[in-house]
Amino acid sequence: MDQKKVTVDGIEQPILQRWAADDVYAYKRDAPGEIYSIDTPPPTVSGSLHVGHIFSYTHTDLIARYKRLRGFNVFYPMGFDDNGLPTERRVQNYYGVRPDIIKAYIPNYKPPFAGTAGKNLKANKYDAISRANFIELCEKLSREDEAKFKELWMRLGLSVDWKHTYQTIDDRSRRIAQKMFLRHLRAGLAYQAESPGLWDVTFQTAVAQAELEAREYPGFYHTIAFTSADGSVVEIETTRPELLVSCVALVAYPDDERYQKLFGTTVTSPLFNVEVPVLAHVAAQMDKGAGIAMCCTFGDLTDVQWWRDLKLPTRSIIGRSGRIEVDANAASWITGGARDFLLELNGKTAFTARSMVVDALKDAGALRGEIVPTTRMTNFYEKGDKPLEIVTSRQWYIKNGGSDDDLQKQLVKRGKELNFVPDFMRTRYNNWVLGLNSDWLISRQRFFGVAFPLWYKIDENGEINYDEPILPDESALPVDPLIDVPADMDESMRDVPGGFTAEKDIMDTWATSSLTPHIACGYEERPQNVEDAKTTRADFERLFPMSLRPQGQDIIRTWLFSTVVRAHHENNSLPWKNAAISGWILDPDRKKMSKSKGNVVTPMHLLETYGSDALRYWAANARLGVDSAFDEGQMKIGRRLAMKFLNLAKFVLSLQPDEVLKLGALRTFENALSGVTEDVDKSMLVGLCEVQRSAFEAFDDYNHAPALEIIETFFWSFCDDFVELVKKRAYGEQENSVHGAHEEVRAESQQSSASAKNALLVALVLQSHLLAPFIPFATEEAWSWWNADSIHTSTMVHNLIIPPFMKGTRTKNTEGTRMSEDEEVCARSLQSSELFKLVSTTLQVVRRIKSEQKLSMKSPLKTVRLGLSAENINLLWSTVGDLRMVLNITCELQLVESGSSEVEVLDFEL
RNA sequence: GGGCGUAUAGAUCAGUUGGUUAGAUCGUCUGCUCGACACGCAGGAGGUCACAGGUUCGAGUCCUGUUACGCCUACCA
């Protein structure tokens with residue numbers, strides 16, 4: 001290290017290269033330390049990163065680095081999420097292809113484009129390819145996206161072990177997703193059912209409860225008259241008159257006085273003349289609409305509930321396309337002329353059908369009153385733009401407590417066992433679990449994703465037998481049933497009577513994402529290969545349940561919950577012990593930062609302008625679970641801290657003899673510690689040990705922000721007060737040395753000079769460790785000036801919690817029993833760090849004098865008379881020499897007893 | 001409609017079990033080229049703790065209500 005100026009600019013790249021070359025963050029499979037494993041959120045590779053990602057990923061990295069500092073063997077993998085609709089669209093547009101289940105796999109397939117050309121293609125110009133080919137292209141493109149992500153993560157200083165990465169569509173993820181599905185299936189935890197469910201007419205797929213989004217949607221209330229047997233009229237209100245033909249009952253609340261007489265009777269619908277019962281059900285609401293509702297199959301989820309509870313017939317007319325789709329022959333409940341009208345409606349959109357029905361109702365005089373516009377909340381698929389319909393279809397489910405009270409209770413209990421940080425986030429989990437109204441729908445009628453590993457037999461009549469699916473052997477996974485064939489069959493038997501047919505559906509992305517602990521930790525039966533970094537079952541046993549799941553609050557209902565469900569089913573365990581939930585980054589108008597709002601701030605220019613440590617510092621300042629407004633002004637604070645640290649290190653090291661620097665921190669430390677002899681030096685170190693203890697306590701509770709605050713406050717006080725105080729002494733200048741002292745005095749003076757240097761060195765080492773999780777680049781840079789190893793693999797801090805001079809005589813605590821070592825240290829620390837605090841206050845009051853006189857800090861004062869308590873005079877006495885030097889008091893610094901407990905300047909002379 | 005969270009200096013945030021005069025940083029103002037650091041140092045100004053009640057000797061903190069904002073959830077009669 002030379003005398004030129006130090007800077008944080010440009011220090012990252014060389015350090016990153018060293019970290020990579022030395023494998024600094026490697027998970028050590030056979031190391032003895034306690035394991036700390038992290039279920040890192042796999043970012044969506046087709047998206048882009050903004051400062052919100054920087055924020056939450058930094059929080060995780062702080063924990064990882066802290067645990068490593070404390071001697072844990074940290075397993076910190078990284079996943080990339082490339083499974084699901086966003087990637088499907090990106091791959092489609094990028095290469096000009098689309099997946100098609102009827103296409104055969106083409107080896108060495110070359111897509112027609114590679115770039116943006118695909119974006120403008122018309123639908124029929126896309127090259128239709130097999131699912132297997134599509135997945136290959138996805139993996140290819142994702143690798144490019146991943147490289148960009150990795151670059152940014154590394155630049156930010158994430159201490160991820162880059163040998164442990166996975167993609168949610170890769171072979172291993174597909175193997176584990178399929179394996180777990182088969183295991184659930186055998187255990188009766190996964191099942192298929194033909195039932196009404198939410199359906200997106202645009203994407204042509206079933207949708208799960210977790211993917212719903214309620215949005216405002218305009219509609220119109222229509223009042224329709226039904227006729228009862230005695231000729232009286234029953235008026236109902238509906239926003240969906242087109243469903244009149246599929247009405248199966250009228251439903252009102254059991255206690256509703258208005259309808260008591262009607263319960264148990266039947267009424268007849270207008271236009272179609274269908275006789276339907278009037279029934280009572282508690283889900284009916286007296287204050288809504290007319291208080292009596294038309295139950296259709298199916299208009300909404302309440303209809304499904306009534307249909308199920310009241311055992312009503314099914315009269316569906318809405319098809320998968322969202323149009324009226326009815327087989328007039330099968331519509332046996334309709335008779336006479338109404339049939340012709342129904343045939344007219346066939347093939348029409350719901351919208352067109354509605355106006356046709358309304359016109360007909362008007363003509364028939366069955367439409368009462370005005371048509372009233374309304375806006376109500378309606379369920380949409382989160383990625384769709386048309387309201388969901390309810391369509392009956394055969395789907396696969398995993399039990400999640402939505403239809404099983406006992407399981408629901410168990411899952412609530414799991415939530416109680418999990419340590420949510422912050423704790424109130426558990427409420428979101430509970431609300432979701434208790435609000436579930438059905439099992440988890442995992443099948444999607446899409447083309448890109450993990451296939452269900454299933455085939456079905458086709459009987460001699462060509463009927464598919466869904467009840468007894470053909471399962472592959474676990475060793476054959478991953479399988480694509482569209483390409484692979486069941487064990488005892490061959491391709492010629494595909495889709496022919498007496499043969500088999502593939503399950504064409506794919507799994508929901510969450511069905512794979514819910515297994516990230518299993519994927520990352522290696523839940524596979526595979527021999528452990530020492531050369532192979534990838535985890536296997538032997539690792540899984542060590543790593544699972546994982547220590548930590550960091551994630552956003554918005555996906556508690558999806559990612560967190562579904563992962564808990566899978567681990568509960570498969571391992572009868574929680575997947576992790578702690579869940580750390582980060583808050584949002586808000587824009588300056590306090591709106592959530594998100595790509596769709598167009599208010600995102602991208603991080604690269606910030607990293608370049610302020611340095612990685614600065615961004616980390618900004619993120620570290622926010623507590624878990626608390627939203628934080630983005631403010632670029634905050635970036636410079638972290639940069640200032642990193643810069644200050646480099647300068648401090650440069651100064652402290654410049655005072656040390658060469659042989660100390662050559663030995664490095666580890667071999668110098670004990671000597672330096674025992675060479676601290678002066679009271680004020682010891683006092684400072686005791687204060688630092690207190691800081692370390694409280695910072696560790698905060699960190700142990702996942703409170704990185706208070707930990708940083710404690711460390712940082714000490715750091716600045718250390719720089720401004722302690723360093724200034726002992727500087728002259730460290731340089732070897734002492735008051736009495738100017739008078740040509742005796743041998744004895746000179747020896748004392750040498751010792752006290754050494755004490756200052758040693759204390760500075762010890763404090764530097766300790767603070768390097770404490771700051772390392774927050775500003776890993778600056779601390780590493782300074783460390784490299786005198787050490788060959790990385791500070792991030794140093795766990796020295798263990799042995800340094802109790803410096804030898806703090807181990808004094810044993811004392812008793814207030815109960816008269818012997819103190820534990822910790823208690824004793826605590827008691828002594830509190831006492832003995834007082835001197836350093838007193839010195840800081842003293843410096844402050846005298847500096848104020850100079851500042852008020854508009855003098856330079858260097859300018860001399862002849863005399864200063866300080867008023868203090870008797871106790872403080874005793875304490876401060878040993879430091880008068882240092883104080884006189886730093887304050888440049890030429891004649892006398894008098895300490896006078898005053899009534900006040902404060903330190904005050906009674907008098908001074910210029 | 002139900003739930004969770006937030007509201008403290010111009011800005012971003014701390015504020016422990018209720019306890020002297022509510023803290024920090026940025027910005028702003030005044031001064032200082034000090035042998036690590038001007039990307040620095042010293043000092044100052046700046047607050048009716050969202051609002052209204054209540055409990056208490058004492059409330060930023062506890063209770064009740066209100067308002068604003070964010071999020072979750074429910075709602076297609």
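Atom set for the values below is all heavy atoms of this structure, side chains included, hydrogens, waters and symmetry mates excluded. Letters go in sequence order (proteins before strands), and every chain restarts at 1.
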Mind calculating the distance between [atom1] ([X]) and [atom2] ([N]) to the nearest angstrom?
{"X": "R623(A)", "N": "U6(B)", "atom1": "CZ", "atom2": "P", "answer": "8 Å"}
{"X": "H281(A)", "N": "A77(B)", "atom1": "NE2", "atom2": "P", "answer": "18 Å"}
{"X": "D9(A)", "N": "C37(B)", "atom1": "CG", "atom2": "P", "answer": "17 Å"}
{"X": "R729(A)", "N": "G35(B)", "atom1": "CZ", "atom2": "P", "answer": "20 Å"}

Given [options], identify the nucleotide with an atom nearest to the side chain of [X].
{"X": "K288(A)", "options": "C76(B), C26(B), G3(B)", "value": "C76(B)"}
{"X": "T302(A)", "options": "C76(B), G3(B), U73(B)", "value": "C76(B)"}
{"X": "D631(A)", "options": "C39(B), G15(B), A11(B)", "value": "A11(B)"}
{"X": "A214(A)", "options": "A77(B), C75(B), G43(B)", "value": "C75(B)"}
{"X": "K644(A)", "options": "U73(B), C76(B), G40(B)", "value": "G40(B)"}
{"X": "T427(A)", "options": "G3(B), A77(B), C76(B)", "value": "G3(B)"}
{"X": "I637(A)", "options": "C39(B), C26(B), A77(B)", "value": "C26(B)"}

Does [X] reach a base, just sugar-phosphate, or nothing at all? Heavy atoms under 4.0 Å.
{"X": "A622(A)", "value": "nothing"}
{"X": "M294(A)", "value": "nothing"}
{"X": "R639(A)", "value": "base"}
{"X": "Q209(A)", "value": "sugar-phosphate"}
{"X": "D303(A)", "value": "nothing"}
{"X": "V723(A)", "value": "base"}
{"X": "L388(A)", "value": "base"}
{"X": "E712(A)", "value": "nothing"}
{"X": "G219(A)", "value": "nothing"}
{"X": "W716(A)", "value": "sugar-phosphate"}
{"X": "E724(A)", "value": "base"}
{"X": "A283(A)", "value": "base"}
{"X": "K727(A)", "value": "base"}
{"X": "C719(A)", "value": "base"}

Going by purine N1 to pyrimidine N3 plus the second Watson-Crick contact, or the G-U wobble pair, all under 3.5 Å, which nucleotide sits opposite [N]?
{"N": "A24(B)", "result": "U12(B)"}
{"N": "C41(B)", "result": "G31(B)"}
{"N": "A7(B)", "result": "U67(B)"}

Are F774(A) and F699(A) near enough that their ring centres are under 6.0 Å apart? yes

Can you tell me how far [atom1] in [N] sits from the matching atom in [M], rounded to whole Å?
{"N": "A9(B)", "M": "A14(B)", "atom1": "P", "result": "13 Å"}
{"N": "U56(B)", "M": "G60(B)", "atom1": "C1'", "result": "16 Å"}
{"N": "A22(B)", "M": "C63(B)", "atom1": "C1'", "result": "22 Å"}
{"N": "G15(B)", "M": "C37(B)", "atom1": "P", "result": "36 Å"}

Looking only at side-chain N and O atoms, does [X] come under 4.0 Å of OP1 or OP2 in [N]?
{"X": "R640(A)", "N": "C41(B)", "result": "yes"}
{"X": "S628(A)", "N": "C13(B)", "result": "yes"}
{"X": "S851(A)", "N": "G31(B)", "result": "no"}
{"X": "K854(A)", "N": "G43(B)", "result": "no"}
{"X": "R847(A)", "N": "G44(B)", "result": "no"}
{"X": "K5(A)", "N": "C39(B)", "result": "no"}
{"X": "R848(A)", "N": "G44(B)", "result": "yes"}

Which pairs with one or both residues in residues 627-641 of chain A pass salt bridge (charged side-chain N to carboxylate O under 4.0 Å, His left out), sequence neighbours excluded? D9(A)-R639(A)

Enumerate donor-acceptor pairs with a distance under 3.5 Å from any side-chain N or O in residues 847-855 of chain A to protein atoms, sequence neighbours excluded.
residue, atom, partner, partner atom, Å
R847(A), NH1, D721(A), OD1, 3.0
R847(A), NH2, D720(A), O, 3.0
K850(A), NZ, M857(A), O, 2.9
K850(A), NZ, S859(A), O, 2.8
K850(A), NZ, L887(A), O, 2.6

Mind checking the OG1-CD spacing from T841(A) to E902(A)? Nearest 0.5 Å is all I need. 8.5 Å

In a check of ring pair (Phe, Tyr, Trp, His ring centres under 6.0 Å) between F630(A) and each of W618(A), W584(A), F55(A), which one passes?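 Exactly one candidate clears the test, W618(A).
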
